[in-house]
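Here's the structure we're looking at; comments come further down.
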There are 2 protein chains.
Amino acid sequence: MSSKRILTDRESALPALAEAFREHGFEGASLASLSKATGLGKGSLYNFFPGGKEEMMEAVLENIDGWFAKAIFAPLEHGPDPAAAVTAMFDDVTAYFRSGQRVCVVGCLGLNAAGETFSGKVKAYFARWISSLAHCLEVGKVPPGLALELAEEAVSGIQGAIVLARALGDEASFQRIVHRLRSSLLDAIDRHG
Amino acid sequence: MSSKRILTDRESALPALAEAFREHGFEGASLASLSKATGLGKGSLYNFFPGGKEEMMEAVLENIDGWFAKAIFAPLEHGPDPAAAVTAMFDDVTAYFRSGQRVCVVGCLGLNAAGETFSGKVKAYFARWISSLAHCLEVGKVPPGLALELAEEAVSGIQGAIVLARALGDEASFQRIVHRLRSSLLDAIDRHG
DNA sequence: AAAGCCTTGTACCGATCAGTACAATGTTGT
DNA sequence: ACAACATTGTACTGATCGGTACAAGGCTTT
């Protein structure tokens with residue numbers, strides 16, 4: 001049973017780690033703060049993540065990617081109703097980012113030099129998001145070229161909404177922007193479907 | 001003349017400081033790296049910026065704000081031709097952010113806890129950008145409510161384009177997104193003017 | 001030249017950084 | 001109960017952090 005226990009405890013520390021990285025960034029999150037956030041001592045942290053901060057962030061990224069794959073990408077790629085999948089995506093994303101009060105760890109990693117180590121995963125995350133959304137739009141009869149552009153615009157728009165809402169401290173602006181993005185995609189599906 | 005020299009040297013260090021903060025973030029930029037970036041020793045830096053890193057960032061923010069006020073906000077607020085002002089804004093912004101290869105210092109500050117000290121200036125920067133763009137659209141006969149929404153969407157969209165382009169390492173995606181945003185604003189002016 | 005101020009490099013401060021070592025304490029399997 | 005192993009807290013490392021002190025040098029003004 002021991003191998004299972006290890007995985008469980010390691011996994012259960014990820015949400016707290018993610019929250020700490022989210023709020024302070026990769027460089028800004030010290031081991032002391034990570035220890036306090038998780039409730040685990042330094043010894044425990046290095047027991048579960050021998051690679052240190054880098055391995056912790058790697059695990060957090062995989063965890064986030066897993067959540068998105070299940071909750072966002074899969075419905076977009078395999079859902080029967082494109083319009084419903086798009087609507088669900090925006091709802092889930094709004095809840096996940098708490099209307100922009102919660103920052104996108106992946107997006108932030110790409111912004112400064114400290115995150116260059118993870119550039120591969122950052123790139124893959126956004127590429128998959130865009131391609132699965134574009135695929136969904138294509139299922140909704142939107143022409144491939146336009147679908148890709150709209151998907152790119154939507155994913156980019158969500159990231160921008162997070163930046164703006166955080167800067168202004170205003171959840172309403174996030175919701176207005178996301179609402180417009182959703183309408184734009186649904187209109188395209190309506191128009192071509 | 002001495003007072004003029006002080007201002008000059010302090011001012012001339014700002015671009016290098018801005019670049020360092022841009023690349024490493026506020027927390028990630030160490031005094032050693034700031035010293036190397038500016039070519040000034042620690043003694044000189046603290047001579048020009050007695051308040052340390054915080055005062056340096058404050059000066060960088062004021063410098064950025066001054067540049068935007070002159071190059072972006074003023075034409076939007078006082079330019080005679082709204083469509084031309086909007087076009088110029090997107091061109092200048094694309095050049096300034098190097099098609100997303102260069103990060104927005106102000107936007108990044110709002111994202112993590114380290115930048116909370118500057119939240120007032122961050123908020124003011126985005127608020128003014130949105131309001132001056134909205135005013136420009138209103139001059140172009142776009143109804144006030146719609147003008148504000150479109151302005152919000154454009155500013156947010158630019159920030160998102162930076163995040164996405166940096167993450168993907170793809171300048172083309174920045175240009176595609178910004179092109180769409182520009183068309184959206186120009187269409188609105190055409191439609192109502 | 002001499003006095004005064006500006007500028008700069010260097011040495012130093014305590015605090016904190018990421019990471020390691022390891023002994024003490026579980027916990028599990030037999 | 002006992003042995004093997006997983007987990008944890010604590011103490012430590014050298015490096016680097018932001019910031020200070022200050023003396024040496026340069027420039028300007030008289």
Side-chain angles (χ1 to χ4, degrees), chain A residues 1-61 105 109 112-118, chain B residues 1-61 105 109 112-118:
Chain A
M1 286 289 193
S2 62
S3 67
K4 200 174 179 186
R5 269 284 302 274
I6 292 175
L7 284 176
T8 310
D9 273 23
R10 184 187 149 117
E11 211 73 15
S12 74
L14 292 183
L17 286 177
E19 213 57 39
F21 282 133
R22 213 183 291 274
E23 204 56 29
H24 302 99
F26 180 64
E27 290 201 344
S30 65
L31 278 178
S33 75
L34 295 173
S35 174
K36 200 166 70 177
T38 56
L40 296 173
K42 224 187 272 196
S44 306
L45 280 177
Y46 273 90
N47 179 39
F48 295 130
F49 307 94
K53 260 171 77 170
E54 201 168 305
E55 189 174 341
M56 297 179 208
M57 178 57 97
E58 208 94 37
V60 163
L61 285 181
V105 182
L109 265 185
N112 52 37
E116 235 161 50
T117 320
F118 314 100
Chain B
M1 288 288 189
S2 64
S3 66
K4 201 173 178 186
R5 271 283 302 273
I6 292 176
L7 283 177
T8 310
D9 273 21
R10 184 187 147 116
E11 212 74 15
S12 75
L14 290 183
L17 287 177
E19 215 56 38
F21 282 134
R22 215 184 288 276
E23 206 54 30
H24 302 98
F26 180 65
E27 290 200 344
S30 66
L31 278 178
S33 75
L34 295 172
S35 174
K36 199 167 69 179
T38 56
L40 297 172
K42 224 188 274 198
S44 307
L45 280 177
Y46 272 89
N47 180 38
F48 294 131
F49 308 93
K53 261 171 77 169
E54 201 168 306
E55 188 174 342
M56 297 180 208
M57 179 56 96
E58 208 95 39
V60 164
L61 286 181
V105 183
L109 265 186
N112 53 36
E116 236 163 49
T117 319
F118 313 100

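Labels below follow one simple rule: chain letters A, B, ... track the order of the sequence lines, proteins then strands, and each chain is numbered from 1.
- Taking both residues in full, the closest heavy atoms of A/H24 and B/A113 are given as CD2-CB, 3.9 Å, listed atom of the first, atom of the second, then distance.
- Of the candidates D/dC17, C/dA18, C/dT8, the closest approach to any side-chain atom of B/A32 belongs to D/dC17.
- The distance between atom CG of A/L31 and atom C1' of D/dT16, rounded to the nearest whole Å, is 14 Å.
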Only distances under 3.5 Å count here; give the side-chain donor-acceptor pairs of residues 33-41 of chain B to other protein atoms, sequence neighbours excluded, each with its distance to 0.1 Å.
from, atom 1, to, atom 2, distance (Å)
B/S33, OG, B/S30, N, 3.1
B/S33, OG, B/S30, O, 2.8
B/S35, OG, B/L40, O, 2.5
B/T38, OG1, B/L34, O, 2.8
B/T38, OG1, B/S35, O, 3.3
B/T38, OG1, B/L40, N, 3.2

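- For the segment residues 14-21 of chain B, no residue has any heavy atom less than 4.0 angstrom from an atom of DNA chain C.
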Can you check nucleotides 9-12 of chain D for protein contacts, nitrogen or oxygen pairs under 3.5 Å, and list what you find?
from, atom 1, to, atom 2, distance (Å)
D/dG9, OP2, A/G41, N, 3.1

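- Comparing atom distances between the B/Y46 side chain and each of C/dT8, C/dT20, D/dT20 picks out D/dT20 as nearest.
- Applying the salt bridge (charged side-chain N to carboxylate O under 4.0 Å, His left out) test to B/E23 and every residue at least two apart in sequence or in another chain returns B/R166.
- Here the closest heavy-atom approach between residue A/L45 and residue A/L31 is recorded as CD1-O, 4.3 Å.
- Across the protein-nucleic acid pair, A/L34 atom CG and C/dA18 atom P stand 7 Å apart, rounded to whole Å.
- The CG-P distance, from A/D9 to D/dT8, rounds to 6 Å in whole Å.
- Listed by chain and number, the residues in a salt bridge (charged side-chain N to carboxylate O under 4.0 Å, His left out) with A/E58 are A/K121 (sequence neighbours excluded).
- B/R10 has its CZ atom 12 Å from the P atom of C/dT7, to the nearest Å.
- Looking only at side-chain heavy atoms (C-beta outward), A/L109 and A/M57 come within less than 4.5 Å of each other.
- A/E116 pairs by the side-chain hydrogen bond (donor to acceptor under 3.5 Å, both in side chains) definition with nothing, not counting sequence neighbours.
- Distance CG (A/N47) to C1' (D/dA6): 7 Å, rounded to an integer number of Å.
- When the side chain to side chain contact (heavy atoms under 4.5 Å, CB included) test is applied to B/E19, the partners found at least two apart in sequence or on another chain are B/R22, B/R102.
- Of the residues in residues 49-60 of chain A, none lies under 4.0 Å from DNA chain D by heavy-atom distance.
- Residues that satisfy the ring pair (Phe, Tyr, Trp, His ring centres under 6.0 Å) test with A/F118, not counting sequence neighbours, are A/F26.
- Candidate nucleotides D/dG18, C/dC17, C/dT8 were compared by shortest atom distance to the side chain of B/F48, and C/dT8 ranks first.
- As a whole-Å value, the separation of B/F26 CZ from D/dG18 C1' is 10 Å.
- Heavy-atom minimum distance, B/G52 versus B/Y46: CA-CE2, 3.5 Å.
- In this structure, the side chain to side chain contact (heavy atoms under 4.5 Å, CB included) partners of B/T117, at least two apart in sequence or on a different chain, are B/E54.
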